[in-house]
Amino acid sequence: MAAYQVMIKPCGPTCNLACRYCYYTSKARMMPPGDLRMADETLEAFVRQYMRSQDCGVITFAWQGGEPTLMGVDFFRKALELQERYRRPGQTVENTLQTNGTLLDDDWAEFLHDHGFLVGLSVDGPSSLHDVYRQDKRGNPTSAKVIQASRLLTRHRVDFNTLTVVNRANSRRPLQVYRFLRNVIGSRYMQFIPCVEPNGFEDTPPQGWSEEEMPFVHRPGARPGPEGSFVTEWSVDPGDYGEFLIAVFDEWVRRDVGRVFVINFEAALGAWLGMPSPACTFAETCGGSLAIEHDGSVYSCDHYVYPEHRLGSICEDGLAEMVRSERQSRFGREKARLPDACRRCDVLFACRGECPRNRFVRAPDGTPGLNYLCTGLHRYFTHISPWMDVMAKGLGRGQCAEDALRSQAYMASRTSR
């Protein structure tokens with residue numbers, strides 16, 4: 001069967017922080033009562049089925065949360081033992097760990113280094129921006145611990161990248177955020193994801209809204225802040241998100257091509273080259289990235305952990321059967337269903353309607369299903385188009401990627417004079 005990935009939530013939504021914009025802590029209310037920790041039997045069942053059902057040579061285990069480090073190092077030692085037990089000849093196993101960084105210490109860093117974990121560190125910028133929403137359960141700031149974590153990982157030579165949630169607070173300070181990640185955190189691999197949360201998202205799944213509830217694009221209800229807005233006050237404004245990406249791109253293309261890698265820009269280049277997107281949000285279809293909770297429940301996607309999208313349990317149903325089920329296939333194909341406004345768009349090849357979970361806005365003609373971020377994404381893709389053309393043409397002529405990037409940087413330097 002085709003390769004797929006599963007986001008593993010070994011402690012479910014349990015976390016030591018209380019980030020205001022977190023879309024996952026509310027999941028605790030739908031979890032069965034009891035210990036929110038993955039049992040050894042569930043872990044083994046997952047590892048066995050996951051590895052046996054994959055035909056690809058490289059298998060990635062993506063550990064997420066909540067906060068997965070709450071499970072302790074011994075849990076992950078057990079996972080590594082199971083991976084080795086069920087690894088078939090020719091298979092290579094990789095592990096990634098997404099963390100808020102506040103619980104990392106020397107023992108953790110040594111373990112992560114020795115076993116080749118790739119760490120994703122969540123950081124939203126300098127303290128004045130990071131601490132607006134990312135606080136602990138007592139309301140204390142967390143930025144100092146995150147900076148300490150980045151230095152700890154660097155000192156122990158642990159490969160890490162940064163994941164930044166672009167929200168209403170930091171979206172208007174793009175260069176402050178980017179330069180902090182580059183100069184203070186020392187990040188060389190960055191990802192920027194938009195914070196988009198409709199009011200009532202805790203109980204209503206994506207596509208669960210009635211057409212009458214959906215706001216019209218360009219109207220106040222389709223932006224955060226105004227009374228009656230469809231989204232939470234901490235959600236990013238569509239226009240601000242586009243301008244954030246543009247400002248970061250302009251800084252990157254003039255100074256950092258070849259030495260800082262931004263996943264958002266790499267995905268865009270792939271679109272200009274006609275390649276499948278490495279990011280599901282910009283792929284034509286989806287369905288190949290599922291989520292498993294601590295109790296073994298499997299869901300269609302990490303952003304669709306609602307009863308309506310539960311596929312079954314690893315302890316009762318076969319993982320491979322759930323992945324290739326008609327229900328999951330239909331879920332993946334639904335992404336390609338777009339309103340006419342999208343199909344007429346000149347950047348559809350790069351955007352693909354973005355993530356379906358954000359399609360809760362009505363087009364000017366009243367058609368539902370337009371993406372909340374549409375206006376900002378269109379501005380962003382239009383802005384980067386000349387630079388993407390340079391890189392794509394360079395690669396088409398047989399240049400290596402680095403040479404194409406240098407060509408782009410040269411072009412940028414001339415136009416900035």
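The first residue of the sequence shown is numbered 1, and numbering continues consecutively from there. For clarity, every value in this text was computed on a predicted model and none was experimentally measured.
The closest donor-acceptor contact from the side chain of Gln64 to the backbone of Met7 lies at 3.5 Å or more, if one exists at all.
Annotation: the span from Tyr23 atom OH to Arg357 atom CZ amounts to 7.5 Å, rounded to 0.5 Å.
For the pair Asp256 and Arg182, the salt-bridge criterion is met [side-chain N within less than 4.0 Å of a carboxylate O]. A salt bridge between Arg20 and Glu233 is present, with a side-chain N of the basic residue lying under 4.0 Å from a carboxylate O of the acidic one. A salt bridge links Glu321 with Arg324: the closest approach of a Lys/Arg side-chain nitrogen to an acidic carboxylate oxygen falls below 4.0 angstrom. Between Arg172 and Asp237 no salt bridge is recorded (no basic side-chain N to carboxylate O distance below 4.0 Å).
Between His378 and Cys345, the closest side-chain pair of non-hydrogen atoms falls below 4.5 Å.
With sequence neighbours excluded, the residues satisfying salt bridge (Lys or Arg N to Asp or Glu O under 4.0 Å) with Arg333 are Glu326. For Glu354, the side chain to side chain donor-acceptor pair (under 3.5 Å) test picks out Asn358, Asn371, with sequence neighbours left out. With sequence neighbours left out, the side chain to side chain donor-acceptor pair (under 3.5 Å) criterion links Glu308 to no other residue.
Using a 30° and 60° split on the angle between ring planes, Trp252 and Phe249 fall in the tilted class, from 30° to 60°. Under the 30°/60° scheme for interplanar angles, the aromatic rings of Phe192 and Tyr178 are found to be tilted.
Residue Cys351 comes nearest to Leu377 through the heavy atom pair SG-CD1, 4.2 Å, listed as atom of the first residue, atom of the second, then distance.
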